[in-house]
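Let me begin by presenting the structure, written as structure tokens, before commenting on it.
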Amino acid sequence: MGKYDFQTIEKKWQKKWKENRTFAAEKHSSRPKYYVLDMFPYPSGAGLHVGHPLGYIATDITTRYKRLKGFNVLHPMGFDSFGLPAEQFAIKTGVHPAENTRQNIARYLEQMEIMGFHYDPDATLSTSYPSYYKWTQWIFVKLFEHWYDKAIESARPISQLEDLFAAHGNVSVSAATSQKSYFSADEWNGYSPAQRSSILMNYRLAYLADATVNWCPALGTVLANEEVKDGKSERGGHPVERRLMQQWMLRITAYSDRLLDSLRDLDWSDSMKSMQTHWIGRSEGASIVYKVDGVSDTIEVFTTRPDTLFGNTFMVLAPEHPLVEKITTDAQRGEVEAYIQWAKNRPEIDRIADTTKTGVFTGGHAIHPLTGKKLPIWIADYVVITYGTGAIMAVPAHDERDYEFAHKFGIEIIEVIAGGDISKEAFISKEGTMVHSDFLNGLKATAAIPAIIRRLEEMGIGKREVTYRQRDVIWSRQRYWGEPTPIYYKDGVAYALSEDELPLVLPEIDEYKPSETGEPPLSRAKDWKIRPDGGILDLNTMPGLAGSSWYFLRYPDAANDKQLVNPEIEKYWMPVDLYVGGTEHAVGHLMYSRFWTKFLHDIGIVSVEEPFKRLVNQGMIQGVSQLMYRHKVTNEYVSADLISDEEKGDYSLIHTDVNIVRNQVMDVEAYKKWTRDSSAKFQLNENGEFRTISQVEKMSKSLFNTVNPDDICAQYGADTLRLYEMFLGPIEIAKPWITDGITGVHSFLKRTWGLFYGDNDEWIVTDEAPSAEELKILHKTIKKVEEGIERFAFNTCVPAFMVFAKEIARLNCNKRAILEPFVQVLSPFAPHISEDLWEALGHSSSILLSSFPQWEEKYIAEDEIEYPVQINGKVRVRIAVSAEAAEEEIRNITLENEVVKQWLEGKSPKKIIVVPGRIVNVVV
RNA sequence: GCGGAUGUGGCGAAACUGGUAGACGCGCCAGAUUUAGGAUCUGGUGCCGCAAGGCGUGGGGGUUCGAGUCCCUUCAUCCGCACCA
């Protein structure tokens, strides 16, 4: 067989694609557009491993396929290049994060090119480039300069709000706001600039507020909830504590309803939609105001079950609730303070793991709004300050948590919905009739809810209320390597930088750590932080989420220095038609991207409400680690098969490099060379082998289980790697990387080469006319591949290619009419070999300028025979027989199948479709 | 606890709208070639059985002429959220 020299072929075509700018999209065109996007990577120092390209291969295939189908395709790539690792690397080594980032990006691009990924050369960006983050800052300024009007469900300029205040005060303004008190127009007009500024802060979509934050002392910064996992920082695993700090926040909660509503029409997976729905956590109920015995303050609670109000026997406040101090009696003060202290220092992990109820009585009482009864006020950490109002009306009879609490502390339990047995457990169902509930008695619980809300509203002590689990997001980080916040302060008032002052470029500083006094790193830039007008710049930077929340808007017009994006171009390209990336961004990146898109839509920058029409989540490719047993005392390594279960305790498991292990046998000499430790002792088994054990875990450099795509490409070629990754299984499924099967797809490519070049490396393609059988094979293949790509099931395409190659080889077919369309169909998957064969077939331009062949039904099912069958007017019968024996078979089937028999005897059948090799198909 | 998903050979997996279950690849078996190893080629390979035949898509039930696919129920695994009032 001729030689398939993938090394030469792949280099040749990669160079050509680059030189010819093959993947540049037309910015604007009369052709239909298709926008394909990968979640852009953070360029880490470790480079890409075989897990990363999975999604990139899928989008590259889609890009090439859609181009063959005649679309103007945009497929860009950029880098999410602000972030903690580069900064920590800088702290350790002194290398500027920008320099480190530049090197890593270059390495990523090189690796991508080797795998045959080529992106639009004009549509590229990095979030840490000033030309890009100018617009990230610009959006922040816009958020600062807008408020959210709930009456028209849209963002509006702050200047309009000031006009409203000057004319009417704030009572009639329906805004998403943290402003609690009301003022008249006269009052507003009398306020000082600083007073007005602090009121407006409560309305801005980007605002300053005291927030309980996740403070990570080790990193010296605040983290978003999404960046905290089980009470530790996601990056680095450092402990995180709660602290009250003044921070920039984004009022994403203004958009909660819209974020929820428009989720419905998106082509996303159910689990992704459900995660987002859950994250927003909308729940409907009522808010009720309670008077407190002896003090003028009131307690406001939120409940989803106002119907159970008559069963309310005590109140619970979160330990952090501001009223706790005021209502605590002297007798209880010591106990309350001790509890608060304990709850505060209790690690987050314990609080999550241990759900037994704890709490103490404050000594204070609230007044039941309907019965006037005195209700004891407790504090307990099962009530959290961050949800609702941080206070609840406890109804032990009909809430599991309140039930457990009341039981433990001996508090009265009153049944108000009949149907359960409250001596045993709380009855939480709404299927029941109201009892002991005054005017609600006899009603169904579901009917009692609107009834009691109406009563509370009449009395002016409660109203219908919707609460969300979602909270506003903290947008300040006390870091260096991020976008500086484009804000300055003068006389206690925060001002945004004007557009021509952007970008506010990161200053050079000599050390990247926070200052000795605990101020952010930017405080070290002494000249930078003081403006000519005496204003002082904000010293916080934005979180990593900032740059990634809008990058998809920038690609289509990435070089524009006048606008975020040209409106014409934006209108043509948005939304993204296909977005591919991992599930880890389910609630972070995707939520904020949707939020920013909606905001930019409100202010007229973006034409769409939703940025990502279709989302596909690729599963993570895991590594198969190899581990050795090392004796805890002697430090000798022992072959795994020599160790019994009882002995395992005497050994520790040590990771070794997967690249020196084959079939669970490690090359001991290679290990010594790798570790530069020739003195390591090994005990081999009787065959002279050293055996390891394997374990599936995350693919990571530190576990020595990474497989480098460059190595695979050097050994088998990029086309083989691409086909193999697609062949492994559905993109969405997580699976371990096993290189073993790769020879299968590699020999397919060799066989394909052989169809053109024969055994002696001589061109053997002929112009003979194809046979019916050959055409059938070809068209079946085209159909299968096309359907596979459309369904994003690339794993079903690869076998279709293999079957084609096998069957065509069996027929000794080397006819151009069959092979040429096949090369076109194969090209999205294995572009290098396809381009080369395309050229050898005599075409002077790239295969990407050709078209995707059309499959035709007549070739696929040409000997399908239809027999008219009349069956109750709506039944079709499909029978498995050869064309010749059709009538015979129908008779046989008739005998076997009662229903068919009746139909054939009773009425004349309407239609029977006979497909050779297929079975009876009856559709009723 | 709540929400989402997934269960098919020794393994990765096909079977899109109900219609010959296990395509394709790995592995394994046999043969050919090779000095050997590797590579390559041909044939076989769901399970039980010498065979005829029987059994098979986590378990149990149901709908249907027909169920991996639809419905109910149960178990197991994975992911997400988690005292959310």
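- Pair check for rC55(B) finds rG46(B); Watson-Crick or G-U wobble, both atom distances under 3.5 Å.
- Shown here are the side-chain hydrogen bond (donor to acceptor under 3.5 Å, both in side chains) partners of Glu669(A), two or more places apart in sequence or in another chain: there are none.
- rA85(B) atom C1' lies 7 Å from atom OH of Tyr387(A), rounded to whole Å.
- The base of rC83(B) is paired with the side chain of Lys357(A) by a donor and an acceptor separated by under 3.5 Å.
- Nucleotide rC84(B) has no partner under the Watson-Crick or G-U criteria, as no pair reaches both atom distances under 3.5 Å.
- Taking the side chain of Thr796(A) as heavy atoms from C-beta on, and the options rG4(B), rA85(B), rA14(B), the nearest nucleotide is rA14(B).
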Filtered N/O pairs between nucleotides 67-73 of chain B and protein, under 3.5 Å:
none

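- Between the CD atom of Glu465(A) and the C1' atom of rC84(B) there is a distance of 14 Å, rounded to whole Å.
- The partner of rU63(B), taking Watson-Crick or G-U wobble pairs whose two distances both stay under 3.5 Å, does not exist in any strand shown.
- Within 6.0 Å of NZ in Lys408(A) there are more than 12 heavy atoms belonging to other residues, nucleotides or ligands.
- Across all strands shown, rG18(B) remains unpaired; no Watson-Crick or G-U wobble contact has both distances below 3.5 Å.
- The side chain of Arg791(A) lies closest to rC16(B) when the candidates are rC16(B), rG25(B), rA85(B).
- When only modelled atom types and interatomic distance are considered, Glu412(A) and Thr313(A) share no side-chain donor-acceptor pair under 3.5 Å.
- Proximity note for Met802(A) (side chain, C-beta onward) versus rC24(B), rA85(B), rC83(B): the nearest is rC24(B).
- Of the nucleotides present, none pairs with rG38(B) by Watson-Crick or G-U wobble criteria with both distances under 3.5 Å.
- Applying the salt bridge (Lys or Arg N to Asp or Glu O under 4.0 Å) test to pairs two or more places apart or on separate chains, those with a residue in residues 722-738 of chain A are Asp60(A)-Arg722(A).
- Remark: Ile461(A) pairs with Pro369(A), Leu456(A), Met459(A) by the side-chain contact (heavy atoms from CB on, under 4.5 Å) rule, at least two apart or across chains.
- A salt bridge (Lys or Arg N to Asp or Glu O under 4.0 Å) check over residues 580-590 of chain A, counting only residues at least two apart or in different chains, returns nothing.
- Taking the C1' atoms as reference points, rC79(B) lies 31 Å from rG62(B), given to the whole Å.
- Within the structure, salt bridge (Lys or Arg N to Asp or Glu O under 4.0 Å) pairs that include any residue of residues 277-289 of chain A comprise Asp257(A)-Arg282(A), Arg282(A)-Glu284(A), Glu284(A)-Arg464(A) (at least two apart or interchain).
- With rounding to whole Å, Ile731(A) atom CD1 is found 20 Å from rA5(B) atom P.
- Checked against side-chain contact (heavy atoms from CB on, under 4.5 Å), Lys357(A) has the following partners two or more places apart in sequence or in another chain: Tyr382(A), Arg401(A), Glu404(A), Phe405(A).
- Protein atom CZ of Arg751(A) is 12 Å distant from nucleotide atom C1' of rU42(B), rounded to whole Å.
- Between rA13(B) and rU20(B), the distance separating the two P atoms is 23 Å to the nearest Å.
- Looking only at side-chain heavy atoms (C-beta outward), Asn312(A) and Thr303(A) stay at 4.5 Å or farther from each other.
- Using the six-membered ring where Trp is involved, Trp378(A) and Phe409(A) have ring planes that are tilted, between 30° and 60° apart.
- Considering only side-chain atoms of Pro799(A), the nucleotide from rC83(B), rA23(B), rC16(B) that sits closest is rA23(B).
- A 4.5 Å side-chain heavy-atom check between Val785(A) and Trp855(A) finds every atom pair outside the cut-off.
- Sequence order on RNA chain B of the closest nucleotides to Val798(A) and Glu400(A) puts Glu400(A) first from the 5' end.
- Searching all strands for a Watson-Crick or G-U wobble partner of rU6(B) with both distances below 3.5 Å returns rA76(B).
- Between the P atom of rA14(B) and the CE atom of Met726(A) lies a distance of 13 Å, rounded to the nearest Å.
- Taking atom C1' in both rG18(B) and rU69(B), one finds a spacing of 6 Å when rounded to whole Å.
- Base orientation for rG22(B): anti, the chi torsion being more than 90° from 0.
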Identify all pairs in which a protein N or O lies below 3.5 Å from an N or O of nucleotides 30-33 of chain B, and state each distance.
none

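- The residue among Lys784(A) and Lys806(A) whose nearest nucleotide of RNA chain B lies closer to the 5′ end is Lys784(A).
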What pairs of nitrogen or oxygen atoms, one from the protein and one from nucleotides 75-82 of chain B, lie under 3.5 Å apart?
residue	atom	partner	partner atom	Å
rC81(B)	O3'	Arg469(A)	NH1	3.4

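- In the set rC83(B), rG4(B), rA85(B), rA85(B) carries the atom at the smallest distance from any side-chain atom of Thr303(A).
- Taking the P atoms as reference points, rG58(B) lies 8 Å from rG7(B), given to the whole Å.
- In this structure a side-chain-to-backbone donor-acceptor pair under 3.5 Å is present from Asp402(A) to Val395(A).
- Each of rA85(B), rC84(B), rG3(B) was ranked by its minimum atom distance to the side chain of Ser274(A); first place goes to rG3(B).
- No contact: Val395(A) has no heavy atom under 4.0 Å from any strand.
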Quick one: which protein N/O atoms are closer than 3.5 Å to N/O atoms of nucleotides 7-13 of chain B? Pair and distance per line, please.
residue	atom	partner	partner atom	Å
rG12(B)	O2'	Leu728(A)	O	2.5

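- You'll find the side chain of Ile428(A) stays beyond 4.5 Å of the side chain of Tyr403(A), heavy atoms only.
- Comparing the C1' positions of rG49(B) and rC71(B) gives a spacing of 37 Å, expressed to the nearest Å.
- The separation of rA15(B) from rA21(B), taken at their C1' atoms, amounts to 7 Å, rounded to a whole angstrom.
- In this structure, the side-chain hydrogen bond (donor to acceptor under 3.5 Å, both in side chains) partners of Asn214(A), at least two apart in sequence or on a different chain, are Asn225(A), Arg242(A).
- Qualifying side-chain hydrogen bond (donor to acceptor under 3.5 Å, both in side chains) partners for Ser437(A), counting only residues two or more places apart in sequence or in other chains: none.
- Between Ser283(A) and rA85(B) there is a side-chain polar atom (N or O) within less than 4.0 angstrom of OP1 or OP2.
- Atom NZ of Lys780(A) is separated from atom P of rC24(B) by 12 Å (rounded to the nearest Å).
- Across all strands shown, rC11(B) forms a Watson-Crick or G-U wobble pair, both distances under 3.5 Å, with rG25(B).
- Taking the six-membered ring where the residue is Trp, Trp753(A) and Tyr4(A) present tilted rings, their angle falling between 30° and 60°.
- Side-chain contact check for Thr389(A) and Glu300(A): no donor-acceptor pair (N or O, by modelled atom type) lies under 3.5 Å.
- When the P atom of rG1(B) is taken as reference, atom CD1 of Ile428(A) falls 13 Å away, rounded to whole Å.
- In this structure, CG of Asp667(A) is placed 20 Å from P of rG37(B), rounded to the nearest angstrom.
- Contact between the side-chain N/O atoms of Lys3(A) and the OP1/OP2 oxygens of rU40(B) is not found at any separation under 4.0 Å.
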